[in-house]
Amino acid sequence: MHDEFLMGNAAIARGAIAAGLNLIAGYPGTPSTEVLENVAKSKREGTYVEWSVNEKAALELAAGASYAGARTMVTMKQVGLNVASDPLMSLEYVGVKGGMIVLVADDPGPISSQTEQDTRKFAEFSKLPCFDPSSVQEAYDMISDAFELSEKYGTPVFLRSTTRVSHGYASIKVKDENEYYTNTPEGFVKDSKRWVIFPRLSYANHKKIEARNAELTKVFSEYEKNRICYADEVVTRNHGAADDREAGSLAVAAGGVSFAYALEAMKVTGKLPLMKVSTPFPFPEEKAAEFLKDKSEVLCLEELDPVIERELTYICGKYNLKVKIRGKLTGDTANAGENTIDSVIGDIQAFIGADKKADSNKAEGGSDATAESNAAADKAEAADVPELPVRPPVLCAGCPHRASFYAVKKAMQGRKTIFCGDIGCYTLGNAMPLDMVDTCLCMGAGVNIAQGVGHIEPDTKCFAFVGDSTFFASAITGVVNAVYNQADMTLIVLDNSTTAMTGHQPHPGTGHTMMGEIVAKINIEQILRGIGLTTVETIDPLDLNGSVELIKRVADEPGVKAVIFKSPCVAIVPPNKALHIDQEKCIKCKKCIREIGCPGIVINDGRVEIDTSLCTGCTLCSLVCPVGAIS
C-alpha cells in the first residue's frame, strides 16, 4: 500500500482497476464523468473502455460481459439512471455471473442537473444492494467489497456517490500493483433457464431476491463500514414535565458525505453518539436497533431523501422503541439541496439546544465568555471576506451555438414559433438576450415536444435544437417518430464535434473511441436521409447571412426537415486573433451587447470594448455591428 492524492472519481477508478475490472462503459454526465476517463488513463492490459451512445446501451453491454464472467462497471449520473432503468430492472431478476457495479453519481444542489434524485431510493425500488461512501478513501475501498458481494449473490450492485465525494480530493491509501486482483472471465455458458427471462422464471427469482435482501440486512449489520461512533459519550436533553418520554441520550445517524460533515461539525457542537450508514439498502437493521435502544432522540443527516429517517422510524415501531426520529420529515433538516458543514453544525446545534452548545463548550475546557468571544471573532472574520462575484451560466465567448441561435431568431422574427431545447451547452441559449429555449425536459425530448405542439397548433413553426452527442444518445428515435407520424417541424443539429458540456468526450461522430482507436465517423446527415428526410442542409453558423436565408427557406418547407449548424467547439480549436472596436466609429448603440450577449464584449468607463482574454475572433459581433466598428 502507498499514499496518493486523488479525486474521488479517480479513487473509484483506481479501486475498480485494483479489484480486477475487465470492462467499463458509460455515458458522460457530471459528476460521474471522470471515473471512466481515469480508468482509460490507468487501465491494465486487456481492460475494455467505452463511451456508449447512452446509459441503456452501456448497461446492456456490461450485462453481456458480466454474463461471461467479467467484472464490469457502468458509470452515469442520476438522470442517466432513468435511461438505464429499463434493462436494469430486468437484469435484477436475471442476475449476473461476473461482478457488476452500477456507479451512479447523484447531484444534490443540483449543481449541474435538471433534477435532485436519490439513488438510494432507486436501490430500494429495484431491490438492488447499495453502497454509499462517505469519503474518497471509502469510495476506493468499497469497490472491492461491492464486486465481491455482487459475485457472491449474483446481482448488480449500486455504488452511489455524490458531488462532494466524486469531486473531493484526499490523500488515501491505495494498493501497489502487485496487490491487484486479476479476474479471468470463464466465458459465457449457455443456459436458457438462467439467461432467458420468462414470467415463470421472474416469479421464482423474485422470491429469491426477497430472501437474499432479508439475509443482507443481517450481513450489512456486521459490515465494518456500518459503525457506531462515540458510544461512550452521552448528551441528554432535560425534558419538561409535560414530556412523557424518559430522558435518554441524543444521537445522530448519517450517511454519505453527511457523515463526514457530522464528524467535522461535532468539533464545534461537541460529540454525540453517531451511527454511520454505509449500506442504505438493504438497511443494517440489527445494527440500527442496537444503536437506538438507549436513545431518546436521533437526528438524521443525509442527502437527499429521508431514507435513513424512514428506516429508523420503521425500526422503532418494529422493536417498540420509544425514540423520536428527527430529520427531513419533521422539518429539522432541509428537504432539498446539498448539506454543508455549516448547515450540519446548525442542524445539530438546533437539535441539542442552545444550552447543550454551551455545555459542550465547557466540557472542552471553555466558558460562556470564551464561546461568545470566539463567535464574535468568527463573525468579524466573515465580515472581512468579500462576496464571490455572481457568474451566471452563459455560452462561451465565440461559441458557434450563439451564432446558430441568433440566425434562427433573426430568420423567424415576427412569426409564431416555439424553440424546443435539450440538455447540453445549448440549454444556455435560454439566457437573455438570445432567449431561444422555450422548453427543456430531458435528453432528446425536444424533438418530440416540438411534434406535440405542432399537432395541436399547426400554425406554429416548431423547432427542436439538439447537439451532436445528444443526437446519437437519444434524439434519433424522436426523428424516426416525426417522419413516421408526418410531423411538421425543423430539426436544428448544433454539431460542434464533441461532447462539450461534460468535458469533450468522443462520440460516434468524432471518429475516435476511448480505446484510442481511429474509426469511421458516423455521418449525421446520412442518418437523417436514411430515416427519410429529404431536406437536410449543412452550414457554418458563422456565415450569418447565409444561415438566416437558409432557415427562412427550410422552415417553410412541409414535413420534417433539418439544418445542421457545423462548427467546432471553441475549446478544442486554436482561437483566431481577437477583434478590436474602433472607438471613433463606435456609436455606443450597444447592439453587439443587446443582440448576442457575448461575455467577450464589455463596457469599460462607458466605452464598449473587447476583452481580448476571452475573444476567440469568431467575428459574429462584427456582423451585428451596424456601423462596422468591430474588425
Please determine, by modelled atom types, if [X] and [Y] share a side-chain donor-acceptor pair under 3.5 angstrom.
| X | Y | answer |
| --- | --- | --- |
| Asp342 | Thr340 | no |
| Ser113 | Lys77 | yes |
| Thr30 | Ser112 | no |
| Ser150 | Lys152 | no |
| Thr217 | Glu286 | no |
| Glu50 | Ser52 | yes |
| Gln505 | Tyr27 | no |

Aromatic contact, Trp195 with Tyr67 (centres under 6.0 Å):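 Yes, they do, as the ring centres are separated by less than 6.0 Å.
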Ring-ring centroid check Phe220 Phe283, cutoff 6.0 Å: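 Aromatic pair excluded; centres sit 6.0 Å or further apart.
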Where Ser126 and Met89 come nearest, the two heavy atoms and their spacing: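 Heavy-atom minimum between the residues: CB-SD, 3.5 Å.
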Single hit among Thr162, Asn339, Thr333 for side chain to side chain donor-acceptor pair (under 3.5 Å) with Ser258: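 Between Ser258 and the candidates, side chain to side chain donor-acceptor pair (under 3.5 Å) is satisfied uniquely by Asn339.
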Worked verdict on His507 versus Asp468 for side chain to side chain contact (heavy atoms under 4.5 Å, CB included): CA-CA 8 Å; His507 62 63; Asp468 45 332; 2.8 Å; yes
With Phe259, the side chain to side chain contact (heavy atoms under 4.5 Å, CB included) member among Lys276, Glu138, Met275, Glu302: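 Option passing the side chain to side chain contact (heavy atoms under 4.5 Å, CB included) with Phe259: Lys276.
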Given Val39, Thr182, Leu21, Asn22, the one that forms side chain to side chain contact (heavy atoms under 4.5 Å, CB included) with Arg44: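 Filter result, single survivor: Thr182.
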Point-to-point distance, once rounded to the nearest 0.5 Å, from NZ of Lys271 to CD1 of Ile348: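 Between atom NZ of Lys271 and atom CD1 of Ile348 there are 13.0 Å.
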Do [X] side-chain atoms and [Y] backbone N/O form a donor-acceptor pair below 3.5 Å?
| X | Y | answer |
| --- | --- | --- |
| Ser32 | Ala105 | no |
| Glu4 | Ile172 | no |
| Asn226 | Ser221 | no |

Listed partners of Arg160 passing salt bridge (charged side-chain N to carboxylate O under 4.0 Å, His left out), at least two apart: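 Counting only residues at least two positions away or on another chain, Arg160 forms a salt bridge (charged side-chain N to carboxylate O under 4.0 Å, His left out) with Asp106, Asp118, Asp132.
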Beyond-backbone contact of Lys43 with Met515, side-chain heavy atoms, under 4.5 angstrom: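 They are in side-chain contact.
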Parallel, tilted or perpendicular: rings of Phe125 and Phe122 (30°, 60°):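 Ring orientation of Phe122 relative to Phe125: perpendicular.
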Trace of the side-chain hydrogen bond (donor to acceptor under 3.5 Å, both in side chains) decision for Glu92 with Thr155: CA-CA 6 Å; Glu92 162 64 340; Thr155 180; 3.0 Å; yes
Test side-chain contact (heavy atoms from CB on, under 4.5 Å) applied to Tyr319 - qualifying residues, sequence neighbours left out: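 In terms of side-chain contact (heavy atoms from CB on, under 4.5 Å), with neighbours along the sequence ignored, Tyr319 is linked to Glu285, Ala289, Ile315, Leu321.
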